[in-house]
Structures are given as C-alpha cells and as structure tokens.
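All residue numbers refer to positions in the sequence shown, counting from 1. Every number for a ligand or one of its atoms is a count from 1 in the order of the listing.
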Amino acid sequence: MVDLTDRQVLENAGRMMVDFQQMSSFVEDPLVLDRGEGCWVWDTAGKRYLDGLSGVMVANYGHGNQRIIQAVTAQLNRLAFAAPTLATNPRALELVALLRELLPAFSTFKLLSGGSEATEAAIKLARQYHKQTGQPGRHKFISHYRSYHGATLGALSATGHSAMRAPYEPLVPGFLHVLPPDPLHPPYGARPEDAGAVVAQVVEDTIRMEGADTIAAFICEPVMQSAGVLIPPADYLPAIRQVCDRHGVLLIYDEIITGCGRTGKTFAFEHTGAVPDILCLGKGLTGGYAPLSAVALKPHVAHAFWGPDEAAVQFHSGHTYGGNPVACAAGVAALTLLREERLPDRAREMGDYLLSGLQRLARKWPGVIQSVRGLGLLAAMEFAGADPAAQGVGQASAGAIGLEVAEAARRRGLLFRRGASIAIFGPPLIISTEEIDWLIGRLDEALGDVCGPNDLGNVGSASDVGNVGDRRNGH
Ligand code: PLP
C-alpha cells in the first residue's frame, strides 16, 4: 500500500463522483478516509474522527473487528466466488440458517449485495407474486414522500425525495406516494396525535380510488431515517397492516438501515406490532466487511415461487455477487456477534444515553435546535425552521445551518449525516458512554462555532442531565 501525496489526492478526487456530492466543492477539502478502529476513523493526513454515522449506518460492529475479518480471510482462502446461477455455498446456507432463527416468521431468503438490489428485488417479487396468484393487475406501489429506498430505477421510483427523483424522470410507472405520518410536521392538516390514523386513512383511500386490484404493495421503513428519523406514531403501522390485509396488498418493510440491531431490537418491526410480508435487510448484515443484503419472504409469499420446472414460477432475477461466499462469511460472523454480544440491547442503552445528550444540547440551544428524537442508536437533531421536504441526503445547500454545523463538527473530528436542517447520528452499536460524551461535546462546540458563544452551561455528560421531555414518540 502506498501513501498518497496531497497532489495525488487532489488530482484524482476531482476525477471521481462521490455519492450525492457536488464534486467541485468536494475537491476543495476532500475527506479521504484511510483506516479505522472501533468507533474511530483516520483520514490520509492522520486526523482522527468519531464515526457518528457508522460510515452510512453500516459499521454496526465498529471498524477493525477481528472476528469478522478472520471469518472473511478464512473464506477468501477457501473459495472467493461460487457460481451464483448453478450453485450456492456453505456460508450462504449458514447465513440462511441464522436468519431463520432470527426471523422465525419468514421462511425464504433471497441473498443479494446491496440495499437497492434488495428493495428492487422486493418490488419485483411483489409484482411476480400477484401474477402467480391470480391477480396480475396488481402492479402499483404506495410509499412515503421523504423516503429513500435506493438508487436503481425501481427503488428510486418508490423513493419520495423529489431532488433525487427529478434528474431521472420519468421513472417507473405505477408508483404512488403519500405524506409520512410525521407528528412534528403533521400532514393533511392532522393534529399531531392523529397523524398515524390520518395517513393510514389516506393510504386506504388511495388504494380504493386506484382500485385495490391494481395495488401490489405498500413499502416503508418502520423508522424513517430518510424522512429525518421519523418515528411513526404507535398506531400507524398496525393500522397499515390492517389496511393491507383488507385489500390484499403486500406490506414490505425496508430495514436496510433499521435492521440488525440499530433501533434497539434485532429488527425494527419488533417495535411496531406489525410484521411485514417481505423484509429487506442490508448494511448492518455484514457491518461493512463485504457487500451483502437479503430479502426475507413470509411463507405465503415464498409459496408462489415454488413449483415444477414447467411452471417457471421461480424468481427470474439475480446478481453476480448476490450471496457471495465471502460476503456470507462476513454476514454469519456479524450476525453471530450481534446475538452473542446482545448488541440490540446495547443499542437501546447507548441510544438512550445519546438521546439524553442531544436533549441537553436542545436545552442549551433553544433557538437553534427545534427537536431531537431517536430510537436505539438512530437519532436526529432538527434545526429551527426546518423544512421537512429538504431532509434527504445531498439536499443541503450552501449556507444551510445543517451543512455549517456538520462542517464545523468535521473540523473538530466528528462525522454524521448532514441535511439542510437536520443532523442524523447512527454510531457503531459498540460505542461507549465516554465516546458519546465526546460526540456531544464536539457537537456543542460545533454549534458554538456556527451560532456564536452560548454560556447556558456545560453539556459534558449524563450526570448533568435534567428532565428534558424527550421527543420520542410512537413505539
Ligand atoms: N433503503 C434505505 C432505507 C437506505 O437507507 C438505503 C441506503 O442508504 C437503501 C435502501 C439503498 O441501499 P444501498 O445504498 O446499499 O443500495
């Protein structure tokens, strides 16, 4: 491995397209991450950062985890690639066995490489399911505005951020959107406490008006990270489950971010009292040690794909790297760790601690921070005057407070997801209370850098916590 010179970095960074970044400003001060350990990463200049976003909600087990690294290395030495159209491999079988234990309501798993591949596959599976169960007209999908379900055209069609969709329109036909049940920005004139019931009614009305026999599935994140960590009211997803059941519509949960312990349960649907028919997993499935995603199917869905050769009812889709043995080795090691180390419990405890720190900041910066919320180690801080339509990745425009605070935090060695009016945190599930204190301290300083001095007190650690009402809602 060679160390890059500053000149090499500058010359080559401008020749790349980093996800969602305007490269002309990225190259002015490119972040080039070189190594990691636990919750920390270092750039090529040796500067250390706390990885407050687990890369992108991926590095759940931290960086440099030797158990996963050894599992991956052993598999690389044994078989790096297995013919995906002719065969499976022992690690994939082990992974499916583990997933079956963790997800007893699901019978069948399609292994893929990335989150978009998983949501794309879920969309195709839902359409094919209806064609093979005598309802071929069911081809439409309903999802939320402000959602993100991936970058491929089907997944992007389900996505509800106009800035991401507009450059690629017209998208796939048959995708409808409703506003999410946001109690902080209640849609359709609802009172905050009615947001869930009102949106569930809008979904049902949409199904009726479109004709239920045209609707294939409803897709959502059980906790909507891409809508700014929107935690739906507790009555929402059970109501959606009932609406779907009344109209023969499949319910798909996109748990690419919320799965694998992130929200304080192994899967976020465990908070909701509503189990989906199809579940998409990714990111935390390996914690970033190899690309892997999975779609889990309930038995009644899987059944439609099981038949004699001549029926040709199999899923007519696949990807070269899906269920790759190296990725599956990482997945088996990661899920074993998740279970043995009780990381969902840890995410809940550390998540409460992080939220209390964010609440202290909200008290200290009342005119700046409008609200904080979180579930497990998935948390958000919304700035005053927030525009809920502008909370997607890559939608922060220059001068927006969210962007400025994130830049100041980066200078102080802290990374998190930025939006025009929001900051989102999702550190590794192994984070300690000391590291959370450090995160809160740097964030406080970054707020001071942007907003000027504030002598309303020290936000050091949980011992200073007063009784700030938390904005957690729903589950
Ligand atoms: N679904 C959700 C909720 C996501 O947050 C993402 C990515 O951030 C995706 C799908 C797409 O996953 P990937 O980027 O691995 O394709």
Side-chain angles (χ1 to χ4, degrees), residues 17-21 53-60 110-125 141 143-161 163-165 168 171 175 177 180 217-232 237 251-263 267-269 272 276 278-296 319-324 327 330-331 334 375-380 391-395 416-419 422 424-426:
M17 290 182 174
V18 175
D19 293 3
F20 300 103
Q21 300 293 321
L53 196 65
S54 306
V56 55
M57 311 273 185
V58 172
N60 287 10
K110 176 71 184 162
L111 302 178
L112 300 145
S113 311
S116 305
E117 281 184 11
T119 48
E120 193 81 23
I123 288 164
K124 291 166 77 175
L125 283 159
F141 293 84
S143 58
H144 292 122
Y145 287 112
R146 295 166 58 194
S147 65
Y148 183 68
H149 295 296
T152 51
L153 278 180
L156 186 63
S157 303
T159 291
H161 281 287
M164 293 175 189
R165 294 164 52 89
Y168 312 104
L171 296 172
F175 284 80
H177 296 82
F218 181 85
I219 177 168
C220 70
E221 284 186 277
V223 176
M224 301 162 200
Q225 188 277 150
S226 34
V229 187
L230 192 166
I231 304 165
L237 288 167
L251 178 58
I252 303 172
Y253 279 175
D254 173 348
E255 290 222 37
I256 309 288
I257 281 192
T258 59
C260 304
R262 172 63 51 199
T263 67
F267 304 101
F269 76 78
T272 69
I278 301 178
L279 175 72
C280 301
L281 301 172
K283 296 190 189 266
L285 211 45
T286 66
Y289 291 85
L292 180 69
S293 62
V295 182
H319 294 273
T320 301
Y321 279 93
N324 170 270
L375 191 66
L377 279 169
L378 178 56
Q391 285 171 351
V393 255
Q395 294 188 22
F416 51 82
R417 171 167 278 172
R418 62 192 190 172
I422 199 153
I424 295 182
F425 305 89

If you apply the rule side chain to side chain donor-acceptor pair (under 3.5 Å), what do you find for Ser293 with Glu117, and how did you get there? CA-CA 8 Å; Ser293 62; Glu117 281 184 11; 5.0 Å; no
Using 30° and 60° as the class boundaries, would you call the ring planes of Phe20 and Tyr148 parallel, tilted or perpendicular? perpendicular
Report yes if the side chains of Tyr168 and Leu156 come closer than 4.5 Å at any heavy-atom pair, otherwise no. yes
Could you check ligand 1 for N or O atoms lying under 3.5 Å from protein N or O atoms and list the pairs with distances?
| unit_1 | atom_1 | unit_2 | atom_2 | d |
| --- | --- | --- | --- | --- |
| ligand 1 | 1 (N) | Asp254 | OD1 | 3.3 |
| ligand 1 | 1 (N) | Asp254 | OD2 | 2.6 |
| ligand 1 | 8 (O) | Lys283 | NZ | 2.9 |
| ligand 1 | 12 (O) | Ser116 | N | 3.4 |
| ligand 1 | 15 (O) | Gly115 | N | 2.8 |
| ligand 1 | 16 (O) | Gly115 | N | 3.4 |
| ligand 1 | 16 (O) | Ser116 | N | 2.7 |
| ligand 1 | 16 (O) | Ser116 | OG | 2.5 |

If we ignore hydrogens and angles and just use 3.5 Å, is the side chain of Asn60 paired with the main-chain N or O of Cys260 as donor and acceptor? yes
Any luck finding a side-chain donor-acceptor pair between Gln225 and Arg262 under 3.5 Å? no
Checking the side chain of His161 only, and the main-chain atoms of Ser226 only, is there a donor and an acceptor separated by less than 3.5 Å? yes
